[in-house]
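Step one of this worksheet: look at the structure below.
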Amino acid sequence: MPELPEVETIRRQLAPHVEGRELTVLDILDPRWCLPLAPEALRDALEGRRVERLGRRGKYLAWELEDEAYLLMHLRMTGTLLLDPPPATPYVRVRLALDGGERELRFCDPRRFGTGELALGAAARDAFFDLRLGLEPLSGELTGEALRRMARGRRAPVKAFLLDQRRIAGVGNIYADEALFRARIHPLRPAGSLSRAQCDALAAAVHEALSAGLAAGGATIDDFRDAEGVSGAFQDEFLVHRRRGEPCPECGGTVVKMVAAGRGTYVCERCQPRPRRRRARAPVGLRAAG
DNA sequence: CGACACTCCTGATGGC
DNA sequence: TGCCATCAGGAGTGTC
């Protein structure tokens, strides 16, 4: 599933092919893609405009067209954005053409969770992102101190904290697991219980995990493909994610799978010690030991 | 405000 | 081997 490194990989590949060109066709085949707006609304607002820049914010791909018209794409679980794909490519939801067909793009998405949203004016775009997204983790904003401020007083598991896009933008299930392992922090630790040193370590670990993913061209588990249709390589470098039953690369213990924040979560509980249970109100003696 | 369940969707997976 | 139920999950919404 595309997270920040996967989206950034696509952005870097596509930018030289789309920037400076005119979006001549925006053909939205699946109206669900742009709900609640109709496909015609996006087409009328965007067709014929020049692409000034292809940007990214969190997991969003942000098409910046002339006169401050923005198309904000999200790939969600299974979306891909393919450059000049083979004609038989399935699950096409949107077709885009640049410079009258000089370049063709297809937004393909078997599960149909992907979205495209329209923002007219820089203020509308900023409002859209400000409502949904927090710090950009690769921009230098994500310091240990910033993380500590956001986590203070929060009792939710730190994994849920990392997945909350309104605090840190772009971290998904894969990179949350990898960052927590690198920082030696158990995913069920209450976010607000982390020490200052652990906040520093976690901020650095998020940066490292995302950077490693980006350097490998992203991770492909099921569906992710870059703009050329090529799989990423980072799945081969996962330290714990999707490695249930395998030896921990650090201590040789066994990686286990559990559920945290409602997500499949992989952890080495020797390197990432389980948080102590909160004090129970019931008499201790009434409970059987785990 | 925060935490959690539910929802969308469909290919992959697993149990029998 | 084949079928069917269940799972997976990003983010929006609803509920307490």
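- Under 4.0 angstrom from either OP1 or OP2 of C:dG10 there lies no side-chain N or O belonging to A:Tyr60.
- Closest to the A:Arg76 side chain, of the nucleotides C:dG10, B:dT10, B:dA3, is C:dG10.
- Rounded to whole Å, atom P of B:dC8 lies 17 Å from atom CZ of A:Arg93.
- Between A:Leu4 atom CG and C:dA11 atom P there is a gap of 11 Å when expressed in whole angstrom units.
- An OP1 or OP2 oxygen of C:dA11 is reached within less than 4.0 angstrom by a side-chain nitrogen or oxygen of A:His74.
- When hydrophobic clusters are built by joining Ile, Leu, Val, Met, Phe, Trp and Tyr residues whose side-chain heavy atoms come closer than 4.5 Å, directly or via intermediates, A:Val18 is grouped together with A:Leu26.
- Note on A:Arg32 versus A:Asp30: no salt bridge recorded, every NZ/NE/NH1/NH2 to OD/OE distance being 4.0 Å or above.
- One can place CZ of A:Arg32 at 15 Å from P of C:dG12, the figure rounded to the nearest angstrom.
- For the side-chain hydrogen bond (donor to acceptor under 3.5 Å, both in side chains) with A:Asn173, the qualifying choice from A:Arg263, A:Lys159, A:Glu3 is A:Lys159, the only one to do so.
- For the pair A:Arg155 and B:dA3, the criterion of a side-chain N or O lying under 4.0 Å from OP1 or OP2 is not met.
- The cationic group of A:Arg93 does not satisfy the cation-pi geometry with A:Phe107, failing either the under 6.0 Å distance to the six-membered ring centre or the 45° limit from the ring axis.
- Rounded to an integer number of Å, the gap from CG of A:Leu35 to P of C:dG12 is 14 Å.
- Because its NZ or CZ atom is not both nearer than 6.0 Å to the ring centre of A:Phe129 and within 45° of the ring axis, A:Arg132 does not count as a cation-pi partner of that residue.
- One interatomic measurement links the two molecules: CG of A:Asp109 to P of B:dC9, which rounds to 12 Å at whole-angstrom precision.
- Distance from the side chain of A:Pro157 is smallest for B:dC4 among the nucleotides B:dG2, C:dG10, B:dC4.
- Contact annotation for A:Lys159: no contact, since no heavy-atom pair falls under 4.0 Å across all strands.
- To the nearest angstrom, P of C:dG10 lies 20 Å from CZ of A:Arg112.
- Contact annotation for A:Gly262: no contact, since no heavy-atom pair falls under 4.0 Å across all strands.
- Straight-line distance from the CH2 atom of A:Trp33 to the C1' atom of B:dC9: 17 Å, rounded to whole Å.
- Contacts of A:Phe161 with the nucleic acid, taken as non-hydrogen atoms under 4.0 Å apart, are absent.
- Within the nucleic acid shown, A:Gln165 comes within 4.0 Å of sugar-phosphate atoms alone, with no base atom in reach, counting heavy atoms only.
- One finds a salt bridge joining A:Arg106 and A:Glu104 here, because a Lys/Arg side-chain nitrogen approaches an Asp/Glu carboxylate oxygen to under 4.0 Å.
- Atoms CE (A:Met77) and P (C:dC7) sit 15 Å apart, rounded to a whole Å.
- With C:dG9, B:dG2, B:dC9 as the candidates, the nucleotide lying closest to the side chain of A:Arg154 is B:dG2.
- Checking the phosphate oxygens (OP1, OP2) of B:dG11, no side-chain nitrogen or oxygen of A:Arg111 falls inside 4.0 Å.
- For A:Arg132, whose side chain is taken as the heavy atoms from C-beta onward, the closest listed nucleotide among B:dC8, B:dA3, C:dG12 is C:dG12.
- In this structure, A:Phe113 forms an aromatic stack with the base of C:dG10, since both conditions hold: centre separation below 5.5 Å and plane angle below 30°.
- Regarding contacts with the backbone of C:dG10, a side-chain N or O of A:Arg263 is found under 4.0 angstrom from either OP1 or OP2.
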